[in-house]
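Everything on this sheet refers to the single structure shown next.
Residues: numbered from 1 along the sequence shown. Whatever order the structure lists them in is the order used to number ligands and atoms, beginning at 1. These numbers come from a predicted model, not from an experiment.
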Amino acid sequence: MNLCKIYSAGNCARNFKIIRNLSTGGQKRESSENSKAKTGILMVNMGGPSKLEQVQEFLTRIITDRDMMQLPMQSKLGPWIAKMRAPKVMKKYSEIGGGSPILKWSNLQGELMCQELDKISPESGPHKHYVGFRYADPLTEVALQQIEADGIEHMIIFSQYPHYSCATAGSSFTVISDYYKKRGLPKNMKLSIIDRWGTHPLLAQTVAERIKDELKHFDDKIKKDVMILFSAHSIPLRVLNRGDSYPSEIAATVHMVMNELNHSNPYQIVWQSKVGPLPWLGPATHNSLRGYVSQGKKNFIIVPIAFVNEHIETLHELDIQYCTDLARELKIEKIRRTPTPNDHPLFIKALADVVKTHLHSKKAISPKFVTRCPQCINENCQPCKTWFAQNCRM
Ligand code: FES
């Protein structure tokens, strides 16, 4: 059995050097160096704890976020649940090296994206990236303070979830609108948003290249039979039934990737990381492996389709729990996992092109963003969308 590789670092020596330099203090270091940046690109994402001691606080922020989940007595119950779950989650982080690499990847992606943007869009440069995490340091609010201190002329909020969900990207936008409702938007700063970009051709090409690289590891005789499982983070069915567009946006990306591959292999979209007793969107990734093995499939490639950089759901859930432990139990012949886009040169070009295309579009906000889900019951959504509709301009 050839178990999958653990992808915890990039493959480019130059990029390793940048990773080492962009630790948690990266943004501060850059601000003094690039204080004359004209366009600031705030890369928002959920984030992850860089150290084990940050795990409980990270969990508390997630479980008390009403955009992410709604619980009775959430402000009291959330911290208690986080405390109970923290030891188990810390053990998982310790098994992938003691923390999430998401900050290092995000800073590297931002640095390389801005280098590319300075080349392809000099009229909007110099560009500077900021990382704003929803649940871990550097928090979004801290990044917003830094953007104001740097005197950025145009801030672009660039969601690092290519596929929009009200529970993930939506939550980051809520935090930003709440922040500025209290303090006011800096005078003379233009604001615009990139809320989804799952159908960008270079994103599809990046994923297709990752798959082609993994297919090389299979014998020519069986290559065409390798089952490709596109694995995305699942969502509760009640979120889906409100009209959340996330699953359909994932499917759009997968369709483009398979077109790039000329539909060379069988494939399936599967859903991972369910928590709690309520029903979530399936089929689950691990159940799909079981099902296909019982149908006689022996060779697999798992593709994390919704994540743009490595974190615990890829490094632990996919690599350790499924590609190692479950693969051994099911006697899978060969299973490999594609790296997330990380610092793939095509992906860096994709990030830069998404921003450049946005700038040239002169559309500060999309009609889809300002429209609520048909069955929305979240009291945060309308005020957030209204605020952005009133304040975005290019
Ligand atoms: Fe989607 Fe409110 S839950 S807009």
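Here is the list of ligand 1 atoms found below 4.0 Å of a heavy atom in Cys166: 1 (Fe), 3 (S), 4 (S). Ligand 1 places these atoms under 4.0 Å from at least one heavy atom of Arg242: 3 (S). For ligand 1, the atoms sitting less than 4.0 Å from at least one non-hydrogen atom of Cys381 are 2 (Fe), 3 (S), 4 (S), numbered in the order shown with element in parentheses.
A side-chain contact (heavy atoms from CB on, under 4.5 Å) with Glu116 holds for exactly one of Asp118, Ile120, Leu112; it is Ile120.
Taking the six-membered ring wherever Trp is involved, the centroid distance between the rings of Tyr246 and Tyr164 does not fall below 6.0 Å.
Note: Phe58 and Tyr135 have perpendicular aromatic rings, judged against thresholds of 30 and 60 degrees for the angle between ring planes.
Taking backbone and side chain together, Cys373 holds an N, O or S atom under 2.8 Å from atom 1 (Fe) of ligand 1. Atom 1 (Fe) of ligand 1 has no N, O or S atom of Cys376 closer than 2.8 Å.
Note on Lys223 versus Asp220: salt bridge recorded, some NZ/NE/NH1/NH2 to OD/OE distance being below 4.0 Å. For Lys181 and Asp178, the salt-bridge test passes: some basic side-chain N is under 4.0 Å from an acidic carboxylate O.
Heavy-atom distances between Lys385 and ligand 1 reach below 4.0 Å in at least one pair.
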